[in-house]
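To keep things clear, I will list the structure first and then write my remarks on it.
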Amino acid sequence: MTRLSGGLIDRSRSLSFTFDGKSYTGHAGDTLASALLANGVRLMGRSFKYHRPRGVFSAGSEEPNALVELRSGARQEPNTRATVAELFDGLDARSQNRIGSLSFDLMAVNDLFSPFLTAGFYYKTFMWPRAFWEKLYEPAIRRAAGLGSLTHRPDPDGYDAGYLHCDLLVIGGGAAGLAAALTAARTGARVILADEDFRLGGRLLAESNPLEMPAPEWIAGIEAEFASLPNLRVMRRTTVWGAFDHGIYGAVERVSDHLAEPGKRVRQTLWRITARRAILASGATERHIPFANNDRPGIMLAGALRAYANRWAVSPAQRVAIFTSNDDGHRTALDLAAKGVEIAAVIDARTDILSQGSYRTIAGAQVTGSRGRLGLRRIQVTQGGTSEWLDCGALGIAGGWNPNLHLASHHRGRPQWNEAAQAFLAQEGFVPGLTIAGAAAGQGSTARALASGAEAARAALEALGITAGLPDLPQAEDASLNQYPLWHVPGQDRAWVDFQNDVTVKDIKLAHQENMRPVEHLKRWTTLGMATDQGKTSNVTALAVMAELTGQSINQTGTTIFRPPYTPVSLSVLGGGDTGPHFRPRRLTPTHDWATSQGAIFVEVGQWMRAQYFPRVGETHWRQTVDREVLSTRKGVGICDVTTLGKIDVQGGDAGEFLDRVYANAMKSLKVGMVRYGLMLREDGFAWDDGTCARLAETHYVVTTTTANAGTIYRHMEFCRQCLWPELDVQLISTTDAWAQLSVAGPNARKLLERVVDGFDLSNETFPFMACANLTICGGLRARLFRISFSGELAYEIAVPARYGNALMARLIEKGADLGATPYGTEALGVMRIEKGHAAGNELNGQTTAQMLGMGRMVSTKKDSIGAVMSRRDGMVAERRVLVGLQPVDPTDPVVAGSHLFTKGAVQDTANDQGWITSACFSPHVGSAIGLGYLENGAERMGEVITAANPLQKQSVMLRVVSAHFVDPEGVRLRA
Amino acid sequence: MLIPHPLLGPRDSSEFSYLGDASLMDRPDGMAPDAAERFHDYVHLRDNPAGIHRELWFHEQGDRSWLVVTRNTVTHEILGAELARDARKGGAA
Amino acid sequence: MWRNPDPQPSYDYVIIGGGGHGLATAYYLANTFKKSRIAVLEKSWLGSGNIGRNTTIIRSNYLLPGNEPFYEFSMKLWEGLEQEFNFNAMVSQRGILNLLHTDAQRDAYRRRGNAMILAGADAELLDRDGVRAMYPWLNFDNARFPIKGGLLQRRAGTARHDGVAWGYARGADRAGVDLIQNCEVTGMRIENGRICGVETSRGYIAAGKVGVAVAGSSGRVMAMAGMRLPIESHVLQAFVSEGLKPVIDGVITFGAGHFYVSQSDKGGLVFGGDIDGYNSYAQRGNLGVVEDVAQGGMALMPMIGRARLLRIWGGIMDMSMDGSPIIDRTRIEGLFLNAGWCYGGFKATPASGYAFAHLLATDTPLESARAYRLDRFARGYPIDEKGMGATPNLH
């Protein structure tokens with residue numbers, strides 16, 4: 001087929017492309033579908049189940065049939081609708097869902113088995129014998145599944161996400177949308193007009209003479225005015241795909257899908273549009289009329305046939321027939337005839353219809369069959385019991401129009417059937433702030449679409465207190481549809497309702513027989529409307545057929561509801577580019593640069609990147625490095641960045657009282673200049689977090705949290721302050737990022753710090769264990785010093801404003817060179833805390849109690865504090881597992897965290913389970929692996945040999961129960 | 001969703017953390033003789049209404065206010081929001 | 001598939017809720033416990049609750065002794081289900097892989113995997129190379145949170161959710177259970193602390209025992225009996241892509257973000273993430289979670305980027321205070337509750353139905369469901385897999 005005259009393609013620009021390896025040429029302004037039709041290609045795909053040959057069915061995003069794999073390599077994009085794929089030079093597409101060639105698909109054998117593959121067939125077959133489902137049937141079904149394919153290669157393109165705000169969002173740039181945007185934008189209100197097409201105009205582009213002047217001319221004038229209005233943002237190639245709460249809409253702009261490659265641009269952008277009001281001017285989708293073998297390439301919607309002729313100057317065949325149940329079908333015949341296409345006949349289901357052109361019109365007739373294996377060759381027309389065959393290469397079906405109410409249903413509002421409009425219409429208020437205009441509101445003629453768009457905009461702005469005048473709109477056609485309700489042509493052969501999923505009228509009858517009559521059962525039993533088009537061209541027809549079978553009205557039968565997205569959205573753009581290393585922010589510690597310069601290995605700790613260990617030349621295994629860091633610290637002095645621990649400043653006259661209520665143990669009694677270990681419970685009584693609480697002044701405390709809980713504990717403390725006890729005089733601020741904090745641990749820690757403090761007395765007498773102070777260091781730098789120890793050594797934590805952290809680290813290492821100053825990372829930190837028996841995240845996992853931690857007595861009964869009451873519940877008091885140390889009987893045996901603990905010789909099952917190993921490491925101090933764990937009655941079992949079972953890794957070792965304090969159990973070192 | 005922050009105007013709900021029913025502000029007295037029972041109800045039981053729900057949101061990525069938001073759990077319509085400390089002091093909670 | 005009976009004036013057993021758990025309960029009551037005069041009351045169409053809108057995963061990879069034996073019992077029922085009710089629910093044991101990204105996560109998964117094996121389930125701990133051998137196209141080389149391994153349960157997998165509902169419904173119907181659709185319970189008649197029957201949109205129905213299995217509507221229904229529950233209703237969104245040729249064999253969960261995925265027999269990638277996090281009965285969610293889930297998916301498996309999202313839907317989850325369910329009697333004699341399944345009720349469908357039927361029929365709990373008591377919160381025996389405490393939106 002060659003091109004027709006006219007159209008909105010740029011014939012001066014030829015674009016070459018390939019389909020299934022064969023080269024073709026189209027023009028700028030073409031879609032892949034129009035260009036293929038212009039090259040005489042009608043066969044474009046295969047159906048899902050029966051692999052029936054299929055051609056293009058529509059001219060828009062509702063397309064169920066013409067789905068292709070677009071592009072190749074890592075950019076391969078399955079299930080792309082040829083009807084909306086903008087042609088570009090070098091476009092490369094392939095047909096899908098076939099074995100062999102598109103014209104000779106080996107899977108088409110399924111069609112012969114169709115009597116066995118009807119709706120619901122899976123459910124009643126393939127169960128026997130039992131092993132066959134997974135070994136035989138299911139693999140075969142899975143291989144046949146899906147349509148297009150992915151390549152297993154990462155998407156190479158870039159994506160972005162952004163926010164937009166407006167007074168009025170106009171969704172759809174057809175007649176109604178243009179009128180609405182014009183009306184609104186002239187007031188100066190902030191307006192966004194979004195349209196999925198690459199060219200504004202919608203259905204105006206598909207009609208021959210909708211306006212008094214040529215439509216493209218009118219649109220060009222409007223676009224020129226739009227360009228002059230800074231308060232209006234026109235977004236072409238932008239699909240508003242979801243209506244969310246409070247006026248938030250999801251939209252995707254296809255920034256460079258019309259280019260061979262995005263180059264420096266992103267491929268697509270995800271927009272979150274917050275609109276005070278919105279107008280849905282999304283038009284309508286034509287419905288078809290199922291008849292026997294109605295799925296051949298060449299059979300399509302009549303309005304699409306007209307669009308291809310008028311906009312793209314192409315017809316799928318030289319000789320075309322129209323099957324209609326309304327006046328609109330005749331318009332297609334007239335337009336095609338005017339372009340020189342031969343009209344075989346217009347078959348109108350209504351009686352008393354006169355021909356509108358110089359071609360045959362058969363009134364009171366129906367199409368009852370078709371022929372043509374890979375493309376339509378002839379149709380059977382039956383009128384009053386007499387049938388004849390008519391030759392034609394294409395058939396346009398005009399069964400009426402369904403308003404596109406997709407977005408209006410996203411808040412689960414169910415449209416109601418309107419008998420006069422012969423269509424489902426949405427009720428106002430389905431989505432608050434969203435009104436509907438144009439064909440989407442059943443205002444299908446151009447004149448009514450224009451007027452309703454302008455009026456909708458005026459009313460929407462009025463609600464915002466903005467007065468808009470109605471613009472002068474051109475004279476436009478105002479034809480009526482005169483729809484006759486014909487839902488399908490009765491017959492014995494299969495008549496397709498849902499083309500992509502191969503659901504036929506017969507399947508609906510089967511669902512009816514099976515009592516799968518509610519629309520949701522119908523959908524699920526037959527898979528109707530579950531294909532990539534979400535049933536845009538099939539749902540209403542199917543439920544009308546069901547209504548006919550049950551004898552209920554269409555309204556009683558009801559409809560399924562559309563779910564977001566309106567049209568399928570790429571997963572890449574939904575991710576908005578926040579992928580790979582950018583998936584989440586990376587928080588760097590103040591000493592990150594220094595650690596990097598020392599060759600540190602980093603590890604992810606929540607959002608933080610922390611130095612895990614600092615390998616030195618010659619060290620070939622991380623254990624060597626970690627053992628060295630531990631021993632250097634225990635012998636000399638080690639320095640570790642502990643900034644990531646949460647820090648919360650607590651100030652005010654009632655700060656002590658407040659902390660008394662937040663912590664399980666008492667804090668009000670803490671002396672100024674001292675630090676206390678603090679345990680927080682959740683209100684349900686379980687241990688939540690631990691840290692230190694330092695009292696820097698009468699009304700000033702600084703508390704620390706674990707790294708993992710820094711955010712949640714701060715939130716909780718604000719909850720306590722604002723929601724529980726607003727009467728207390730206390731203020732909180734998170735200072736985690738404000739202070740760099742370094743742990744300086746080891747017997748030489750005091751000597752090292754003495755070299756940086758500004759004349760501060762660090763002696764044990766004036767600054768004992770658990771002391772704290774404000775001071776200055778390095779000649780005037782303000783700092784906070786805490787004498788606390790996680791490692792069990794003589795240790796301090798020193799805090800300086802974050803920007804000095806890096807320099808302080810370097811200074812301490814430099815000043816401590818002769819003292820053996822060694823940086824250590826999170827691994828050595830972990831080893832030393834296990835050696836000392838300190839709990840960390842593995843022990844404080846939210847399932848453990850103060851009692852299990854050996855801190856049951858810390859929960860004060862003299863005061864009320866968060867969690868205290870619930871911690872005394874029977875089940876928690878009855879808990880017998882407590883934290884113990886574990887050491888292998890054979891020092892060469894491993895100790896593995898996650899092993900379960902059993903009495904030696906006991907049967908290893910759930911009933912006999914006595915606990916588990918929470919943390920384990922190799923201890924250079926002990927000279928073997930060690931572990932911490934919760935063990936039933938552990939405190940009374942010191943010295944007992946138990947079994948640690950790790951059946952997951954087929955390990956079982958004998959462990960001796962010991963004190964959790966492997967290092968300096970008397971605490972001599974940390975008080976030194 | 002947009003939360004109408006009483007001080008900052010409408011803010012996207014993604015800036016907030018959600019806790020739950022505003023009754024969590026009515027913490028019982030832990031020293032009372034029937035504390036065990038009252039705490040069980042307070043911590044665990046909820047009206048869980050399908051309809052109007054007064055609930056606590058924390059403006060975590062913002063000014064760190066706890067808000068009491070009145071919202072319909074069926075439609076998600078928000079009927080109002082106030083600072084929790086005001087609600088608390090006003091005895092409305 | 002089943003009859004459309006009108007309600008009788010009275011039944012021995014009335015199950016409120018014609019979702020998966022209610023239908024399974026009726027099925028086992030009639031077929032296993034040989035009870036009769038049973039009705040299931042469904043306010044809408046059968047299977048219209050979360051059984052009809054979930055991501056179809058079945059697994060028994062729990063940690064705690066209150067849970068794991070129960071879910072393993074459920075898994076064994078899944079393994080014989082299709083032969084049991086002679087209906088193809090497409091149970092497909094293609095494995096679930098929970099990825100881990102930190103050493104602490106590995107320790108926790110090891111503890112969990114061992115708990116599974118000790119309870120008679122299967123589990124394997126994979127290192128990074130083991131994961132790579134299974135799924136070489138995961139993001140190993142350019143990740144914010146590198147994959148360090150995973151916990152694999154090979155017997156886990158998926159089932160066709162509607163098929164499960166229909167198989168139980170058909171089996172119950174054939175055993176004489178009245179499945180009554182479009183019958184909403186509007187009230188409960190309670191006299192002297194004992195339930196006598198229920199008011200419905202189709203009239204009063206007297207009942208010897210009433211079992212409530214209404215998931216997200218638990219709060220609403222039990223309020224009719226004057227009870228407040230340790231449950232909040234939240235929305236969980238789920239997602240499916242367009243149909244694709246097979247690319248993902250089993251179920252995969254991301255351990256450093258909110259994302260899990262499998263591929264259905266029809267070719268759609270079925271995936272999800274976290275609940276939206278606020279109380280809701282709206283059966284739909286918001287955009288932020290959509291983005292969060294997509295980010296997780298793209299971070300973990302950037303090869304899915306060129307596929308398209310086809311549909312999002314939302315279900316109401318009965319989020320309990322410890323993340324674990326309740327199968328128990330109530331203080332009202334004759335009134336029983338099955339609730340609190342959070343977002344994980346699908347996998348429990350067979351065992352939940354069996355255990356609830358056991359309780360209704362014998363007045364004693366099934367051994368493996370013994371921990372699911374309503375008073376465990378008051379007594380201090382929560383079953384808190386995640387260790388999040390009484391904050392339902394964090395389970």
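In what follows, every chain begins at residue 1, and chains take the letters A, B, ... in the order their sequences are listed. Please read all numbers here as calculations on a predicted model, not as lab measurements.
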Open item on the list: Please classify the contact of B/Phe58 with chain A as side chain, backbone, both or neither, using a heavy-atom distance under 4.5 Å.
Closed with: side chain

Task: Residue part contacting chain B, namely of A/Ile733, when any heavy atom lies under 4.5 Å - done: side chain

Task: chain B contacts, top residue of A/Lys863, A/Arg873, A/Arg272, A/His246 (heavy-atom pairs, under 4.5 Å) - done: A/His246

- [ ] Check each atom of B/Pro28 against the heavy atoms of chain A and say whether the ones under 4.5 Å are side chain, backbone, both or neither.
- [x] backbone

Task: B/Ile78, part contacting chain A, at a heavy-atom distance under 4.5 Å - done: both

Open item on the list: Nearest 0.5 angstrom please: A/Met870 CE to B/Tyr42 OH, how far?
Closed with: 10.5 Å

Task: Most chain A-contacting option - heavy-atom pairs closer than 4.5 Å, from B/Ser17, B/Ala35, B/Ala36, B/Ala84 - done: B/Ser17

Task: A/His700, NE2 atom: more than 12 neighbouring heavy atoms under 6.0 Å - done: yes

- [ ] Find the distance between OG (B/Ser65) and CD (A/Gln722) and round it off to the nearest 0.5 Å.
- [x] 5.5 Å

TODO: Can you establish whether the number of heavy atoms outside B/Glu37 located under 6.0 Å from its atom CD is more than 12?
DONE: no

Open item on the list: Using 0.5 Å steps for rounding, measure from the SG atom of A/Cys723 to the CG atom of B/Leu24.
Closed with: 9.0 Å

- [ ] Between chain B and each of A/Thr274, A/Thr861, A/Ile248, A/Leu732, count heavy-atom pairs under 4.5 Å; write down the option with the most.
- [x] A/Ile248

Task: Side chains of A/Tyr714 and B/Arg64 in contact at under 4.5 Å (non-hydrogen atoms) - done: yes

TODO: Please tell me if the side chains of A/Phe719 and B/Leu56 come closer than 4.5 Å, counting only heavy atoms from C-beta onward.
DONE: yes

- [ ] Look up atom CD in B/Glu60 and atom OG in A/Ser734, then write down how far apart they are to the nearest 0.5 Å.
- [x] 10.0 Å

TODO: Look at B/Arg27 together with A/Glu683 and state whether they make a salt bridge at an N to O cut-off of under 4.0 Å.
DONE: yes

Open item on the list: Contact between B/Trp66 and A/Arg715 at the side-chain level, heavy atoms closer than 4.5 Å - yes or no?
Closed with: yes

Task: Between CZ on residue B/Arg71 and CG on residue A/Asp245, distance to nearest 0.5 Å - done: 8.5 Å

Task: Residue B/Thr75 versus chain A: region with a heavy atom under 4.5 Å - done: backbone

Task: Distance, nearest 0.5 Å, that separates CZ of B/Arg85 from CD of A/Glu727 - done: 13.0 Å

